[in-house]
Amino acid sequence: MASAAMEKVRNIGISAHIDSGKTTLTERILFYTNKIHKIEEVRGKSGVGATMDFMDLEREKGITIQSAATYCEWKDTVINIIDTPGHVDFTIEVERALRVLDGAILVLCSVSGVQSQSITVDRQMTRYHVPRIAFVNKMDRAGADPIRVMHQLRDKLGHNAHMIALPIGAEDQFKGIVDLVEMKAYYFDGDNGENIRIEEIPADLLESAKERRAELVAAMGDFDDEVISLFLEDKPVPADLLRRAIRKATLSLKFIPVMCGSAYKNKGVQVLLDAVGHYLPNPAEVENKALDQDNNEAEVILESNPEKSFVGLAFKLEDGRFGQLTYMRIYQGKVSKGDFIVNSSNGKKVKIPRLVRMHADEMHDIEVAQAGDIVAMFGVECASGDTFTDGENRLTMTSMHVFNVVISLAVAPKDKAGQSNFSKALNRFTKEDPTFRVHRDEESAQTIISGMGELHLEIYIERMKREYACEVISGKPQVAYREAITKQTDFMYQHKKQTGGSGQYAKIAGTFEPLPADAVQNYEFVDEIVGGKIPREFIPSCDKGFQEQLKKGLLIGAPVVGFRAIINDGAYHDVDSSDMAFRICAMTAIREFYNACGPIILEPIMRLQTQAPEEFQGATVGQINQRRGVIVSTGTSNKYAQIDAEVPLSEMFGYSTDLRSATQGKGEFQMEFLKYAPVPRNVQDVLVKQYQEKRAAENK
């Protein structure tokens with residue numbers, strides 16, 4: 001496909017709540033644009049699966065996990081499409097797609113309407129200033145009502161939304177749609193709805209269509225003076241003038257045109273494709289900015305002009321059969337196979353050995369790509385979000401918004417033979433997905449993976465098994481508890497050991513006490529020895545002995561914090577005293593007197609911010625209370641309740657799933673470490689008992 005004229009290019013995403021029919025809609029678009037010659041269903045009996053769901057896991061689970069790119073031509077318009085996941089756990093895929101797209105189709109179910117993930121996706125579109133068309137899908141379902149969905153767009157999302165198409169019939173009587181701009185009825189005949197029949201509007205729908213068109217014209221009067229003057233004079237508004245006003249309103253982000261149809265029943269998709277060409281922007285109509293690193297990060301407006309210097313953004317990485325595949329949106333200039341481009345983040349120059357357009361998992365080789373294109377390259381090593389230029393300037397583009405991870409699991413390969421593949425898989429997944437994090441907990445010596453939800457991590461564990469033949473054992477990560485003392489205690493301990501030859505002798509005395517709560521350090525050693533009762537060279541040995549013993553407390557083996565050791569008396573022997581003797585003496589002194597210091601267990605307390613619709617506030621607060629949480633403040637904004645609380649980390653496992661269950665998937669939360677605080681006595685008793693049982697089992 002030759003590079004099209006800029007005004008005929010559309011870069012669009014298809015986004016929605018899970019199960020709204022995004023992938024089915026994309027499949028129909030590919031069929032009507034002759035990109036595929038047979039329609040496959042998401043959960044089809046053939047087992048082939050939809051074109052855009054090409055991963056085995058996607059076909060098995062019937063959900064989209066990774067965003068997939070394709071391109072097609074409709075009439076004289078070239079459309080680059082990215083089909084994105086609907087599940088909240090894979091929201092980064094939506095985020096990175098919207099970062100590089102110019103327009104979007106927001107798919108809504110005609111029965112369920114605006115759902116939780118519809119709200120999240122809409123927020124993401126607003127964040128990246130993406131104009132959109134709303135497509136009310138599944139008009140063939142019982143209870144279908146596009147007018148109700150339009151009102152939800154106004155009430156729940158605060159949009160100025162109007163119908164630009166009406167259904168002819170609904171549910172099992174859904175036959176076609178009325179185009180309110182042209183005031184014509186469209187019917188879709190043939191086995192797959194490929195034959196479009198245009199007729200006059202049925203008599204029983206004419207009055208309703210006229211009313212809706214009048215509403216649409218009145219709304220467009222705010223965006224076009226010619227439209228409002230004709231409306232006020234009660235004169236007819238021509239279709240091309242109304243279309244121009246709708247385009248202007250949509251691009252201003254102050255209006256959403258609402259269409260309807262049934263992708264599954266092959267009705268309304270071609271009219272939606274017409275609307276993509278009519279109302280969504282071409283690359284030149286979108287303002288894209290970069291920061292000039294050579295000029296104090298001054299803002300530079302990029303021009304969608306092939307003749308300007310090259311600027312592109314790597315927005316997604318995939319590890320394919322031939323190495324790393326880097327998806328890139330070209331914002332300015334052009335690039336050819338064999339060209340050298342420069343990574344602005346590290347100044348590295350790389351050659352493009354292969355340039356392709358993606359059609360799901362198929363690659364179509366091309367020689368050149370220009371501003372406005374979405375392409376993929378092999379052999380371009382980089383991180384997700386890196387900006388590339390031709391080296392004439394040092395421009396960087398803002399990367400996408402990356403969410404905080406909310407759930408963690410401890411993972412390990414089932415057998416040692418899988419260790420190498422396990423490491424390879426973790427390296428690849430962290431590179432591909434910014435919301436998938438890996439770290440090693442030094443205390444528990446566990447590998448901890450973190451992500452957006454339990455399904456998110458489950459999918460990666462399953463992918464390790466399938467793609468890397470690496471079976472993984474997973475379990476809860478250990479919470480990083482601490483121990484501390486609460487009482488001041490005087491101590492005196494003598495270490496004496498006599499064997500053949502020289503023995504060991506050391507004696508120390510002093511005080512153990514808790515450090516004040518505002519102390520910066522976790523341990524303090526105070527030397528108050530006078531009169532040479534302990535020689536100076538042995539004092540550091542006492543310090544080392546205390547520190548070594550405090551690495552593992554006696555209650556549950558956790559590090560001891562907030563501890564001050566003061567030594568003020570002691571004794572030594574000219575022959576038998578040594579560094580080792582004083583070190584052992586200090587370690588044993590802590591073991592002997594630790595229980596007298598009133599030891600307690602401290603647990604990490606997290607600062608939790610939860611947002612949920614107002615109607616679920618009671619259930620959300622109840623859940624936090626059940627998890628030993630302390631509510632700090634509550635408030636409401638835009639019909640959403642925000643609850644700030646302090647909650648122990650040990651109680652937060654499984655919270656994401658419980659919150660979503662209690663709020664119909666609409667609740668969200670962020671969590672960060674706040675402080676350490678004592679655990680309740682009953683919890684401490686349980687932890688101590690578990691530790692003792694574990695030690696007993698190890699010693700058998």
Side-chain angles (χ1 to χ4, degrees), residues 1-15 22-23 25-37 51-52 67-84 97-105 130-133 135 194 196 243 247 250-251 257 259 269-288 302-308 310-313 315-316 327-337 354-377:
M1 181 175 70
S3 286
M6 189 71 66
E7 61 273 12
K8 295 296 181 186
V9 175
R10 299 288 181 273
N11 292 317
I12 66 164
I14 298 179
S15 302
K22 299 174 299 303
T23 303
L25 175 61
T26 311
E27 191 78 359
R28 298 314 186 265
I29 288 172
L30 295 177
F31 178 75
Y32 296 129
T33 57
N34 296 317
K35 200 74 190 169
I36 58 173
H37 303 291
T51 308
M52 303 302 277
S67 55
T70 188
Y71 66 96
C72 56
E73 290 180 70
W74 176 249
K75 296 180 178 174
D76 58 351
T77 305
V78 173
I79 306 173
N80 292 311
I81 302 172
I82 298 184
D83 173 30
T84 61
L98 291 174
R99 170 66 185 85
V100 298
L101 292 171
D102 304 324
I105 299 170
V130 177
R132 49 220 180 259
I133 295 170
F135 181 70
E194 64 270 32
I196 301 168
R243 193 171 284 128
R247 179 177 180 78
T250 306
L251 298 193
M259 305 184 72
V269 178
Q270 295 97 319
V271 182
L272 174 65
L273 282 167
D274 287 338
V276 167
H278 290 318
Y279 308 126
L280 291 181
N282 67 55
E285 291 174 302
V286 178
E287 188 179 85
N288 293 299
L302 300 176
E303 291 179 46
S304 293
N305 183 342
E307 304 309 315
K308 294 273 184 178
F310 168 75
V311 180
L313 179 73
F315 67 94
K316 176 176 160 72
Y327 285 78
M328 193 176 291
R329 162 73 196 265
I330 299 169
Y331 285 96
Q332 186 175 278
K334 62 183 174 185
V335 69
S336 303
K337 180 177 158 182
R354 190 178 174 196
L355 197 58
V356 295
R357 277 189 196 278
M358 298 302 296
H359 170 48
D361 58 343
E362 290 176 19
M363 294 163 212
H364 301 163
D365 281 276
I366 54 172
E367 293 299 315
V368 65
Q370 63 178 30
D373 287 341
I374 292 174
V375 293
M377 302 170 179

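Side chains are part of it too, since the values below use all heavy atoms of this structure and drop only hydrogens, waters and symmetry mates. Numbers for residues simply follow the sequence, beginning at 1.
Between I81 and I105, every side-chain heavy-atom pair lies at or beyond the 4.5 Å cut-off. Residues D274 and K75 meet the side-chain proximity criterion, which asks for heavy atoms closer than 4.5 Å. Using a 4.5 Å cut-off on side-chain heavy atoms (C-beta onward), V100 and L313 make contact. Counting only heavy atoms from C-beta outward, the side chains of R357 and N80 approach each other to under 4.5 Å. No side-chain heavy atom of I374 sits under 4.5 Å from any side-chain heavy atom of Y71. Between L272 and L25 there is a side-chain heavy-atom pair separated by less than 4.5 Å. The shortest side-chain heavy-atom distance between V276 and I29 does not fall under the 4.5 Å cut-off. Side-chain contact between I79 and T33: absent, with no pair of heavy atoms (C-beta onward) separated by less than 4.5 Å.
For T250 against P257, the heavy-atom pair with the smallest separation is OG1-CD, 3.5 Å. The minimum heavy-atom distance linking D365 with R354 is given by the pair OD1-NE, 3.0 Å. V368 and S336 get closest at one heavy-atom pair: CG2-OG, 3.5 Å. Pairing each heavy atom of W74 with each of Y32, the nearest pair is CZ3-O, 3.6 Å. For the residue pair V375 and A369, the shortest heavy atom distance occurs at CG1-CB, 3.7 Å. In terms of heavy atoms, N11 sits closest to G372 at ND2-O, 2.7 Å.
Between I12 atom CD1 and L273 atom CG the span is 7.5 Å, to the nearest 0.5 Å. With rounding to the nearest 0.5 Å, the separation of CG in D373 from NZ in K334 is 12.0 Å. E303 CD to Q332 CD: the interatomic distance, rounded to the nearest 0.5 Å, is 6.5 Å.
Salt bridge absent: D102 and R10 never bring a charged side-chain N and a carboxylate O closer than 4.0 Å.
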Given V335 and M377, is the side chain to side chain contact (heavy atoms under 4.5 Å, CB included) satisfied, shown in steps?
CA-CA 11 Å; V335 69; M377 302 170 179; 4.1 Å; yes

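Remark: R329 is positioned above the aromatic ring of Y331, its terminal NZ or CZ atom under 6.0 angstrom from the ring centre and at most 45 degrees off the axis.
With S304 contributing its side chain and P283 its backbone, the two residues share a donor-acceptor pair below 3.5 Å.
For the residue pair E285 / N282, a side-chain donor-acceptor distance below 3.5 Å is found, with atom types taken as modelled.
In terms of the salt bridge (charged side-chain N to carboxylate O under 4.0 Å, His left out) criterion, E194 has no residue partners (sequence neighbours excluded).
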